[in-house]
Novice: 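Before I ask anything, here is the structure I am working with.
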Amino acid sequence: MRIGAHVRQDSDPIGFGERLGADVIQMFVVDPQGWDKPQPHPRTEEIKSSPIDVVVHSSYQINVASTNNRLRMPSRNAVAQQAQAAADLGAFGLVVHGGHVRSDAEIEAGIVNWRKLFERQQDKGGFAVPILIENTAGGNHAMARHFDSIARLWDAVGDFGAGFCLDTCHAWAGGEELIGVVDRIRAITGRIDLVHLNSSRDDFNSGADRHANFADGTIDPQLLAEVCRTADAPVVLETPAEGVAEDLAYLREHVG
């Protein structure tokens, strides 16, 4: 089992991982709030040669489901560019949030837009790394908040080899029980490629995406350990930096 954390120091991601004792790290390849094209990382060779596995998280503003051309088109381009940058670092995937539309009437269009992302890239030879779609916490018109929505999305994109990233805080805040969550999502997607193992600052079904350390959150840490134990996938902590070492130690003790 490979366990690690999201990197807060993109200038030296492997150093961060080594100091933490991580088996896997997650990092950005661009400013997560911007639209800049990724540039070669100055530590590319170190990242590629390290025994620490790497996964890349895409920038936050990406929304390939959107019916707004001014958002959807740059989002598609950004996914392709960041997937290539992830491949250049030897990463095993690019995490992309499910996104949202503006009304229930647009949900089917959002699903079609997700399928078009893969169809159009397939004509160009496919993405440079697997695209790992992540469940999200909030929004009434989200593509991947509720598991029934994820099932509809997977009917459209699953045959393109889309991967899945399960975020425990997002599932909890989104109103999905964590007991048996691994089996439930696998029944829909057939796979879990990555786990974001986070507690939540907020109550069940709050719709709020606010991560917490295990000791401070509203999710029973034993439930989180059970997800880690049963998912059979790399695990990344995105919990607050001041407690991430303690969270990692808890998992080492309770999952082994």
Side-chain angles (χ1 to χ4, degrees), residues 1-62 78-97 127-134 163-169 192-199 211-214 224-225 227-229 231-256:
M1 183 176 300
R2 300 186 71 75
I3 304 172
H6 181 79
V7 172
R8 269 82 178 182
Q9 302 157 354
D10 288 348
S11 62
D12 184 17
I14 297 302
F16 171 89
E18 289 174 344
R19 289 188 293 275
L20 195 62
D23 308 306
V24 55
I25 56 170
Q26 176 178 272
M27 59 183 288
F28 296 114
V29 291
V30 293
D31 177 350
Q33 305 293 348
W35 290 102
D36 293 341
K37 184 177 180 179
Q39 301 300 313
H41 198 286
R43 293 180 180 258
T44 293
E45 292 308 315
E46 179 186 1
I47 295 168
K48 289 174 66 175
S49 62
S50 172
I52 298 175
D53 292 334
V54 175
V55 64
V56 171
H57 198 299
S58 67
S59 45
Y60 292 133
Q61 77 283 3
I62 286 173
V79 171
Q81 291 171 356
Q82 292 175 36
Q84 183 59 58
D88 292 343
L89 296 175
F92 64 82
L94 176 72
V95 178
V96 180
H97 287 170
F127 288 106
V129 296
I131 303 302
L132 312 182
I133 302 174
E134 180 179 356
F164 189 76
C165 173
L166 172 64
D167 188 302
T168 53
C169 171
I192 296 175
D193 299 87
L194 178 68
V195 176
H196 286 168
L197 202 71
N198 307 308
S199 193
H211 298 181
N213 296 113
F214 296 175
L224 296 171
V227 171
C228 183
R229 188 162 37 242
D232 191 29
V235 170
V236 166
L237 301 169
E238 297 177 318
T239 53
E242 58 271 15
V244 71
E246 289 77 9
D247 293 339
L248 189 59
Y250 177 90
L251 291 179
R252 299 274 189 220
E253 179 181 352
H254 290 85
V255 174

Novice: Do Leu194 and Glu134 have side-chain heavy atoms sitting under 4.5 Å apart?
Specialist: no
Novice: Just verifying a value: how many Å separate Gln84 CD and Gln81 CD, rounded to the nearest 0.5 Å?
Specialist: 10.0 Å
Novice: Under a 3.5 Å distance rule, please check whether Thr239 uses its side chain to pair with a backbone N or O of Asn198 as donor and acceptor.
Specialist: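 Judged by distance alone, no pair lies under 3.5 Å.
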Novice: At their closest point, which heavy atom of Leu197 faces which heavy atom of Cys228, and how far apart are they?
Specialist: CD2-CB, 3.9 Å
Novice: Indicate yes or no: at least one non-hydrogen side-chain atom of Phe92 is less than 4.5 angstrom from one of Val24.
Specialist: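 Counting from C-beta outward, Phe92 and Val24 do come under 4.5 Å.
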Novice: Begin from the C-alpha positions of Gln26 and Val95 and carry the test side chain to side chain contact (heavy atoms under 4.5 Å, CB included) through to its verdict.
Specialist: CA-CA 9 Å; Gln26 176 178 272; Val95 178; 4.0 Å; yes
Novice: Show the nearest heavy-atom pair for residues Leu248 and Gly21, with the distance to one decimal.
Specialist: CD2-O, 4.4 Å
Novice: Do you know which two heavy atoms are closest between Ile52 and Ala22, and how far apart they sit?
Specialist: CG1-O, 3.6 Å
Novice: Are any of the side-chain heavy atoms of Leu251 and Leu237 separated by less than 4.5 Å?
Specialist: yes
Novice: Return the minimal non-hydrogen interatomic distance between Ala212 and Pro240, and the atom names on each side.
Specialist: C-CD, 3.6 Å
Novice: Between His254 and Ala225 (side chain of the first, backbone of the second, donor and acceptor by atom type, cut-off under 3.5 Å), is there such a pair?
Specialist: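 Side chain of His254 to backbone of Ala225, a donor-acceptor pair under 3.5 Å: no, none is there.
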Novice: Flag the pair Val227 / Leu166 as yes when at least one side-chain heavy-atom distance between them is below 4.5 Å, and no otherwise.
Specialist: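 SC-SC contact between Val227 and Leu166 confirmed.
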Novice: Which atom pair, heavy atoms only, marks the closest approach of Ser199 to Cys169?
Specialist: O-CB, 3.6 Å
Novice: Do Val55 and Leu132 come close enough that some side-chain heavy atom pair is under 4.5 Å?
Specialist: yes
Novice: Before giving the answer on side chain to side chain contact (heavy atoms under 4.5 Å, CB included), spell out for His196 and His211 the whole-Å C-alpha distance, their side-chain angles and the decisive distance to 0.1 Å.
Specialist: CA-CA 10 Å; His196 286 168; His211 298 181; 5.9 Å; no
Novice: Look up atom CD1 in Ile25 and atom CZ in Phe16, then write down how far apart they are to the nearest 0.5 Å.
Specialist: 8.0 Å
Novice: Which pairs would a plain distance check flag for residues 30-38, meaning a side-chain donor or acceptor within less than 3.5 Å of a matching protein atom at least two apart in sequence or in another chain?
Specialist:
from  : atom 1 : to    : atom 2 : distance (Å)
Asp31 : OD1    : Gln33 : N      : 2.9

Novice: Any non-hydrogen side-chain atom of Ser58 less than 4.5 Å from a side-chain atom of Val79?
Specialist: no
Novice: Considering only residues two or more places apart or on different chains, which pairs with a residue in residues 78-87 satisfy salt bridge (Lys or Arg N to Asp or Glu O under 4.0 Å)?
Specialist: none
Novice: Heavy atoms, side chains only, cut-off 4.5 Å: are Ile47 and Pro13 in contact?
Specialist: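 The answer is yes, as the side chains (C-beta and beyond) meet within the 4.5 Å cut-off.
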Novice: Mind checking what makes salt bridge (charged side-chain N to carboxylate O under 4.0 Å, His left out) contact with Arg43, not counting sequence neighbours?
Specialist: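 With neighbours one apart ignored, the set is Asp12, Glu46.
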Novice: Just how far is it from atom CD1 of Ile3 to atom CG of Asp247, taken to the nearest 0.5 Å?
Specialist: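 That separation rounds to 11.5 Å.
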Novice: What's the separation between atom CD1 in Ile62 and atom CD in Gln82, rounded to the nearest 0.5 Å?
Specialist: 4.5 Å
Novice: Is any side-chain heavy atom of Ile192 less than 4.5 Å from a side-chain heavy atom of Asp232?
Specialist: no
Novice: Angle between ring planes, His6 versus His57, binned at 30° and 60°: parallel, tilted or perpendicular?
Specialist: perpendicular
Novice: Determine the interplanar angle of the His97 and Tyr60 rings, folded into 0 to 90°, and report it as parallel if under 30°, tilted if 30 to 60°, perpendicular if over 60°.
Specialist: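 The rings of His97 and Tyr60 lie parallel, inter-plane angle below 30°.
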Novice: Looking at Val129, Asp88, Val96, Leu94, which hits side-chain contact (heavy atoms from CB on, under 4.5 Å) with Val56?
Specialist: Leu94
